[in-house]
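To keep things clear, I will list the structure first and then write my remarks on it.
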Amino acid sequence: MSLMTLGLKEAALKIKNREITSQELTKDYLERINQRNQEIGAFITVCADKAMEMAKQSDARIQSGNAGIIEGVPLGIKDLFCTKGVKTTAASHILENFVPPYESTVTTNLWNAGGVLLGKTNLDEFAMGSSNETSFFGNVGNPWDASTTPGGSSGGSAAAVADFMCAGATGTDTGGSIRQPASLTGIVGLKPTYGRCSRYGTVAFASSLDQAGPMARSVEDAALMLRAMAGHDHLDSTSADVAVPAFDENLEGLPLKGLRIGLPKEYFIDGLDADVRKIIDESVKRFTDQGAIIKDISLPHTKYAMPTYYIIAPAEAASNLSRYDGMRYGLRVEGENLADTYQKTRSEGFGWEVKRRIMVGNYTLSSGYYDAYYIKAQKVRALIAADFANVFKEVDVIFTPTTTNTAFPLGGKIKDPIQMYLNDVFTVATSLAGLPGISVPAGLVNGMPVGLQIIGQSFMEEKMLQVAWAHEKMCGFEMRAPTANENAA
Ligand code: GLN
């Protein structure tokens, strides 16, 4: 059997025990990418030579007994993390040829732990989108059915993991961009508590919401990868100075008897597909069969989460993206004078969805509207966070569907921004509250995967992962995409 089907932790162990080498594993993944990337479009840049060189160095460290916790494991990196000397595009024309002179903290942490960079994965432009269709570099196909979307914005990472093109991948989640694609591709995607992973060197979208996290084929793998990515960083003033537990070593043994699970009524709504609901109900039942206690809860301000997010995120995006002026780096389209150069550069460099966000953001921040929109949204955000704080007095975790539906056809929603934004209906509230959330595969509807979202308390990823792990064991989800099955046998 090919090495590419190994789990991330399993692979790290085999490399450490010298049963396989990082070079063998890396070669396998590069071959897989070679075979599959044309159809799936998961990678924007593949770094074959660099990957083999890093793998060689990993193997040398193994020989000298200096293994990191993910030593030798090949990873996909969302093309939003700056990688020194390797193109980092944010899937935008404006950064099409940008080669960062520095490395993000999250990727630095991964390389220090022994990770190998296979390449940079596709995404929605500047992580704005839910289908990966706003990418300047083309669509990504869902490995379960390539005519459907893998979700977004971390669509390339999700597809690469689901299709066995890497052992794990990084994603970023501002309003759902790790969890929603994880749900639609049948993998595990974890958005940590805001501040758990450093934002330094990650191309900014909405700074008060952006958070990096792992995407992998099992809960254990996601736990290990999070451990490698996370940590306090003085280069990011919002990075939290909290200890990083060995998440992957402490997954078993949580007593399910007496575990208090909250089911918020606002998440079991009309728009939720009946078959998806059935799958979530089955997941809940697995826990009650083991003695968990279900509490019907209410998060009354949830209904304002979408409009709140779509004021705050564009406002922050408009500010963050003002740096792309064609002067210091990225695309420059010369105009007749400075203002004309700015205008031409930005008009050509940004895609339509990014422009829409910049316009909405600048509007809500403009004088006269600032109080009515931005300040009000900040107040509602506080109420949304308070809802969660209240509920967590009586529950340990919250269960919701991650998405209302399974993957939709490519082209299906791209012309209707509101429909596209509604993809985040179950994920944005958690982001606004800064809480951790994980999507774990829960089952198939008409052959397509769908995820259960488990929301945890601030900096309690450990418990959230233990619950997710218990779910994975009880669910027995066969996560392999059909395409991967044929090739992996
Ligand atoms: N789909 C949401 C948006 O377009 C979330 C994106 C994200 O989390 N990066 O804003």
Side-chain angles (χ1 to χ4, degrees), residues 78-81 90-92 106 121-135 140 149-158 169-184 189-194 197 199 202-215 305-321 350-361 364 377 381 402-405 407-408 412-439 451 453:
K78 186 176 183 178
D79 208 12
L80 201 64
F81 293 88
S92 180
V106 160
T121 58
N122 209 337
L123 64 148
D124 281 295
E125 184 178 3
F126 283 101
M128 297 174 192
S130 300
S131 65
N132 216 115
E133 291 166 292
T134 69
S135 168
V140 178
T149 169
S153 67
S154 311
S157 288
T170 60
T172 63
D173 191 312
T174 303
S177 280
I178 290 176
R179 292 161 287 161
Q180 183 254 14
S183 174
L184 301 190
L190 189 160
K191 182 201 96 75
T193 311
Y194 182 77
C197 291
R199 289 184 296 108
T202 310
V203 176
F205 165 9
S207 305
S208 76
L209 296 157
D210 296 344
Q211 184 54 211
M215 305 178 84
M306 291 291 292
T308 304
Y309 174 85
Y310 276 100
I311 290 171
I312 292 175
E316 293 183 14
S319 305
N320 275 325
L321 271 58
F350 292 133
W352 50 265
E353 181 59 35
V354 173
K355 285 180 193 165
R356 187 186 345 261
R357 308 268 178 132
I358 292 173
M359 285 189 279
V360 169
T364 60
R381 181 178 188 175
T402 311
T403 49
T404 52
N405 294 81
F408 49 94
K413 297 187 183 178
I414 196 71
K415 295 211 164 69
D416 185 344
I418 301 289
Q419 280 307 312
M420 191 64 89
Y421 296 171
L422 281 172
N423 272 290
D424 308 313
V425 67
F426 295 150
T427 49
V428 283
T430 329
S431 299
L432 289 164
L435 297 173
I438 187 170
S439 181
Q453 177 175 229

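In each ligand, atom 1 is the first atom listed, and ligand 1 is the first ligand listed. Because the structure is a prediction, the values reported are computed rather than measured.
Thr134 pairs in a side chain to side chain contact (heavy atoms under 4.5 Å, CB included) with only one of the listed residues (Leu123, Val354, Ile414), which is Ile414.
Relative orientation of the Tyr310 and Tyr421 rings is parallel, given thresholds of 30° and 60° on the angle between their planes.
Within 4.0 Å of ligand 1, the residues that place a heavy atom are Ala127, Met128, Gly129, Ser130, Ser153, Asp173, Thr174, Gly175, Gly176, Ser177, Phe205, Tyr309, Tyr310, Arg357, Asp424, listed by chain and number.
At a cut-off of 3.5 Å, with distance as the only test, no side-chain donor of Glu316 or Ser207 sits close to an acceptor on the other residue. Lys78 and Ser153 are linked by a side-chain donor-acceptor pair at a separation below 3.5 angstrom, with hydrogens and angles left out of the test.
Taking CG from Asp210 and SG from Cys197, the interatomic distance works out to 12.0 Å, rounded to the nearest 0.5 Å.
Applying the side-chain contact (heavy atoms from CB on, under 4.5 Å) test to Ala429 and every residue at least two apart in sequence or in another chain returns Tyr267, Ala305, Ile384, Phe388.
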